[in-house]
Number of protein chains: 2
Amino acid sequence: MSAADEMADGADKPWGEVSPEAARKLLVAAVEAFAERGYHATTTRDIAGRAGMSPAALYIHYKTKEELLHRISRIGHDKALEILQAAAEGPGSAAERLDGAVRRFVRWHAERHTTARVVQYELDALSDEHRTEIVELRRRTDAAVRRILNDGVKAGEFDVPDVPGTTLAVLSLCIDVARWFNAQGRRTPDEVGELYAGLVLRMVAAQK
Amino acid sequence: MSAADEMADGADKPWGEVSPEAARKLLVAAVEAFAERGYHATTTRDIAGRAGMSPAALYIHYKTKEELLHRISRIGHDKALEILQAAAEGPGSAAERLDGAVRRFVRWHAERHTTARVVQYELDALSDEHRTEIVELRRRTDAAVRRILNDGVKAGEFDVPDVPGTTLAVLSLCIDVARWFNAQGRRTPDEVGELYAGLVLRMVAAQK
DNA sequence: GCAGACCCTAAGCGCTTGCTCACCTTCGGG
DNA sequence: CCCGAAGGTGAGCAAGCGCTTAGGGTCTGC
């Protein structure tokens, strides 16, 4: 497989966009370790060990441990933004688009909860410069959801007295799935997505 | 003020139950530091420094850094459980009790968001033994909310197809306030409590 | 068939960490 | 007026941290 093919795979296969192979293995190991113990409690020796390499190998592909976190956070936020923007700009009524947005966003947070945990809960460990970059992505994430809500209000589908506040609540609800979701638990990512989409629609629906 | 008076104050004045004075100052300093940087990124020198003491002073009052976290987590979880149980067992219809529970629980997470951040997001840093103890408190927290929902369904006030799932979502929504709430932000704790109580009631309300 | 780019390792450096220890001060009771 | 308990400090230890460096394989293009 060529490098170009790997780039194209990025959307489907997790971390497909990271090459070469050794850099991807290290990044996947870092995601696991960060999700399990948190960024600060994870050592570079632990990451290298999980990837089956020596601690020094890490520094061939990444300048610092923080750069690893930034790469993970950047790719994850790009993916999250892509999901929500696609839903916001897609066809259908506001209710249909909100249903799809929540369903897909929640499913991603459940299915890839290790990644999502790092992406959503380790922002503070980023350098100032990197954090500023990521915060901008989150602003756009917020804007995508707010747009759907505004559309729904305008069309009379939704009754939402406080659009910014409700946007915040909807995103918060979805994001927190990464914290509590357990792959060994009773619910599948699909089931959680369905449950949450239903709850969110009831939160915003106009009374009949 | 006697030790007994300080105990009685616990509910009103934050950390009033911690004595002597030096131990409380250290604990308050630890809460600030843990909330700002996370448990693992906080050094014992940082905690002692914030309390205006030498690093060694910490170990007169606490056996380890982890014991400090456990004390914080325990007190915080006790308070959270107290809020929700009082709401669940209080008077009024299920809707009124749910409104009160969400309003008070959210207000606590916003007002005391430094404490809540530590309490809700640093569970993994506890020792196995301490974590087991805390998880049991969280189980009872969950049970209190579930009881209100079940009461409401039985009384015909609520329409909730999935009570355990909705309980999870309601608690998750409230807890995540601690992550994003900013004291410098536009909303007061009261306003967030009101907004969230409204959203939750719409999530569970029976259609008329 | 070998020069040079690339990838990796063993060893370890300088520093910080959680925590300890010998010692000092303050203070209420006999 | 001295005593022991309680609560504090400065100095520092062993361990572990992020990261660097010197050196050695392996593969590619000429």
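Chain naming here is simple, since letters A, B, ... match the order of the sequence lines and numbering starts at 1 in each.
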Which residues satisfy the ring pair (Phe, Tyr, Trp, His ring centres under 6.0 Å) test with B/His113, sequence neighbours excluded?
B/Phe181

Quick one: salt bridge (Lys or Arg N to Asp or Glu O under 4.0 Å) partners of A/Arg186, sequence neighbours excluded?
none

How would you summarise protein contacts on nucleotides 7-12 of chain C per nucleotide, using B for base, S for sugar-phosphate only and - for none, with heavy-atom distances below 4.0 Å?
-BBB-B

Terminal helix-axis angle for the helix from C/dG1-D/dC30 to C/dG30-D/dC1, with five pairs defining each axis and rounding to 10 degrees
0°

With A/Leu201, which residues qualify under side-chain contact (heavy atoms from CB on, under 4.5 Å), at least two apart?
A/Ala95, A/Leu98, A/Asp99

Applying salt bridge (Lys or Arg N to Asp or Glu O under 4.0 Å), name anything that partners B/Asp124, two or more places apart in sequence or on another chain.
none

If you assign A/Thr43 and A/Lys63 each to the DNA chain D nucleotide with the nearest heavy atom, which residue ends up on the more 5' nucleotide?
A/Thr43

C/dC19 phosphate, OP1 or OP2, under 4.0 Å from B/Tyr59 side-chain N/O
yes

Parallel under 30°, tilted from 30 to 60°, perpendicular over 60°: which one fits the rings of A/His109 and A/Phe105?
perpendicular

Mind checking which nucleotides bracket the chain B contacts on DNA chain D, 5' to 3', with an atom under 4.0 Å from a heavy atom?
D/dG8 to D/dG12

Just the rounded figure in Å: distance from C1' of C/dC19 to CG of B/Leu68.
13 Å

Atom-to-atom span, CG of B/Asp46 to C1' of C/dT16 - whole angstrom:
13 Å

Under 3.5 Å, sequence neighbours excluded: what are the donor-acceptor pairs made by side chains of residues 84-93 of chain A?
from    : atom 1 : to      : atom 2 : distance (Å)
A/Ser93 : OG     : A/Glu96 : N      : 3.2

Listed partners of B/His40 passing ring pair (Phe, Tyr, Trp, His ring centres under 6.0 Å), at least two apart
none

Can you name the residues that form a ring pair (Phe, Tyr, Trp, His ring centres under 6.0 Å) with B/His77, not counting sequence neighbours?
none

Once side-chain hydrogen bond (donor to acceptor under 3.5 Å, both in side chains) is applied, what residue pairs with a partner in residues 167-181 of chain B remain, sequence neighbours excluded?
A/Ser172-B/Asp176, A/Asp176-B/Ser172, B/Tyr121-B/Asp176, B/Asp176-B/Arg179

A/Tyr62: partners by ring pair (Phe, Tyr, Trp, His ring centres under 6.0 Å), with sequence neighbours left out
none

